[in-house]
Each structure stands twice: as structure tokens, then as C-alpha cells.
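Note that the coordinates shown come from a computational prediction; the quantities given were computed from them, not determined experimentally. Counting convention: from 1, in listed order, for ligands and their atoms alike.
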Amino acid sequence: MVKQVLQIKDLSSGYGKVTVLRDINFQIVENEVVAVLGSNGAGKTTLLKTISKLISPFTGEIIFEGQNIASYPPYLVAQAGIAHVPEGGKLFVNMTVYENLLMGIYRNRKKVKEDILEEIYEIFPILRERKNQLARTLSGGEKQMLSIGRGLASQPKFIMLDEPSQGLAPKLVDEIYQKLSILKKRGITILLIEQNINYALQFAERGYVLENGRIVMEGESKELLNSEHIKKHYLGI
Ligand SMILES: Nc1ncnc2c1ncn2[C@@H]1O[C@H](COP(=O)(O)OP(=O)(O)O)[C@@H](O)[C@H]1O
Ligand SMILES: [Mg+2]
């Protein structure tokens with residue numbers, strides 16, 4: 001049976017008195033990869049911040065594994081099993097790789113710290129090599145891997161990635177996506193935000209298109225790639 005992981009119902013959200021997201025309805029099932037696409041300023045980051053509760057929704061429901069988490073504080077959202085890998089990584093640059101990874105671990109996890117780190121190093125061997133280096137000395141690709149690794153340290157069931165390919169050369173983008181496919185194989189459900197539509201729709205099974213804070217299209221990746229609207233407005237063909 002298909003199990004719902006996240007359902008968002010009639011959500012609106014924003015900053016202070018400014019509404020950014022309106023009438024958002026969205027769902028993702030277990031082990032699915034779903035992309036949210038949209039140009040700069042469309043509200044993609046605001047959507048992730050609302051789910052992880054860095055900002056509070058104005059109205060609507062956020063149902064995660066059957067519970068409405070719309071009023072949870074951020075640490076309870078994380079404890080429920082949601083990880084948010086923020087735009088630009090947001091690392092602690094003057095801490096080591098190892099210390100950054102530790103920041104992602106919750107004390108009440110059943111697994112011991114060393115086992116969790118071992119799993120992360122298996123996916124990202126470079127982080128093991130660099131574990132005693134300060135985060136600021138890492139390359140762009142390594143920083144992105146560290147922020148994904150830190151997200152994994154909370155042992156999430158569901159991970160949200162805000163533009164993981166941003167600023168990276170194509171070869172590194174391929175490498176990041178290879179890593180993401182390992183996460184999928186391990187049963188983690190993935191919500192991916194991307195401006196690079198080709199990458200996103202190759203990796204995701206389905207996508208939503210966000211424009212001016214509203215979802216204007218949704219569909220299977222193939223459908224979206226073939227749609228005239230996407231071709232004209234996002235792919236320039
Ligand atoms: N901290 C903030 N305070 C006020 N407005 C914001 C803030 N962050 C983003 N916005 C506004 O919200 C809208 C959506 O931004 P954002 O979610 O960052 O878009 P995207 O991630 O799709 O580029 C933009 O109009 C932006 O100016
Ligand atoms: Mg953004």
C-alpha cells in the first residue's frame with residue numbers, strides 16, 4: 001500500500017504581513033522523489049522554511065505521517081523525521097566537518113553517534129577524509145555534501161533539499177545527484193527544489209511548478225518536460 005508521507009492542505013505563509021505562498025496543496029508518498037520548480041522569488045525556499053517551521057504558516061495544514069505538524073516548533077519537526085538542507089548549505093564554517101555533522105545528531109536517537117557518522121561517511125567518503133578540516137576550507141561540492149550529510153545525521157525519513165546544485169560545475173552536480181540516488185535507495189523520501197529543471201525532472205518522478213507563490217502546474221516529470229508552458233517559460237525552447 002502506498003503510504004502518505006507529507007500532505008499540505010490549503011497552506012498560506014509569508015513574512016510579517018506579507019503573504020508569499022497561497023492555496024498550496026501538495027503531497028508526497030513514501031520513497032517518492034518530488035521536485036518543486038520555479039524561478040527566483042517564486043516562493044520555493046519559503047515553502048521549505050514553512051514545512052520545517054523556521055516560519056509559521058498563516059493558514060492550512062501540514063500533515064506528516066498522519067499528524068498535523070503546523071504548530072510544531074522546529075526541533076519537534078526535526079525529531080518527527082524531517083530534515084531540511086538549506087539553500088547555500090548554511091554550514092558552521094569555523095567548525096570542523098566532524099563538528100558540523102555532530103550538530104545534526106539528536107541525542108534521543110537509538111543509534112550511537114559513531115554508527116550514524118559511519119553511515120554518512122559511507123555515502124560521502126570525502127567527509128571522512130576531511131573530518132578534521134574546518135568547513136570553510138572545503139570546495140563548493142564538498143560543502144554541499146557536508147550540508148546533506150548534516151541533514152542525514154538526524155536520521156530523517158524525509159529530506160528536503162533547497163537547490164543542491166546551486167553554483168556547482170556540471171560534473172559536481174552529477175556527483176551530488178548520484179549521492180541523492182543512494183539516499184533514495186535507502187528509503188528516504190525526497191523533496192527537491194531546483195532551478196535547473198532538466199536535472200530536477202530527470203531525478204524526480206513528479207513535480208510541482210510554483211509561480212508567484214501558487215502552484216500552477218503539477219504532473220509526472222515526463223509530462224512536465226513535454227509541456228508547452230515549461231518549454232516556453234523555463235527551458236527557452
Ligand atoms: N525574510 C524575508 N522577509 C520578507 N520577505 C521575504 C523573506 N525571504 C523571502 N522573501 C520574499 O518572499 C518571496 C519568495 O522568496 P523565496 O521563497 O526565497 O523564493 P525562491 O526560493 O523561490 O527564490 C520573494 O518575493 C522574497 O522577496
Ligand atoms: Mg530559494
Do Lys157 and Glu30 meet the salt-bridge criterion of a basic N to acidic O distance under 4.0 Å?
no

Does Val20 come within less than 4.0 Å of ligand 1, judged by its heavy atoms?
yes

As an exercise, identify every atom of ligand 1 less than 4.0 angstrom from a heavy atom of Thr45.
17 (O), 18 (O), 20 (P), 21 (O)

Closest non-hydrogen atom pair, Ala200 against Ala35:
CB-CB, 4.1 Å

What orientation do Tyr177 and Tyr199 show, parallel under 30°, tilted 30 to 60°, or perpendicular over 60°?
parallel

Provide the number and element of each atom of ligand 1 under 4.0 Å from a heavy atom of Asn40.
23 (O)

Give the atom numbers and elements of ligand 1 that come within less than 4.0 Å of a heavy atom of Ser39.
22 (O)

Inspect the contact between Glu99 and Lys131 and indicate whether a charged nitrogen and a carboxylate oxygen are less than 4.0 angstrom apart.
no

Heavy-atom gap Gly41 to ligand 1 smaller than 4.0 Å:
yes

Are any of the N or O atoms of Lys44 closer than 3.5 Å to those of ligand 1?
yes

Between Ile190 and Val36, is there a shared hydrophobic cluster once you connect ILVMFWY residues whose side-chain heavy atoms come closer than 4.5 Å?
no

Tell me the protein heavy atom at minimum distance from atom 11 (C) of ligand 1, and give that distance in Å.
Tyr15 CE1, 4.1 Å

Among all protein non-hydrogen atoms, which one is nearest to atom 19 (O) of ligand 1, and what is the separation to 0.1 Å?
Gly43 N, 3.2 Å

Any salt bridge between Glu205 and Lys222, counting N to O under 4.0 Å?
no

When you draw lines from the Mg ion (ligand 2) to OG1 of Thr45 and to OE2 of Glu87, what angle lies between them, to the nearest 10°?
110°

With side chains defined as the heavy atoms from C-beta onward, is the minimum distance between Asp23 and Ser12 less than 4.5 Å?
no

Glu65 and Lys3 ion-paired at < 4.0 Å
yes

Exercise check, heavy-atom protein proximity under 4.0 Å to atom 27 (O) of ligand 1
no

Would you say atom 9 (C) of ligand 1 has a protein heavy atom nearer than 4.0 Å?
yes

Please state which part of Thr46 comes within less than 4.0 Å of ligand 1, counting heavy atoms only: side chain, backbone, both or neither.
both

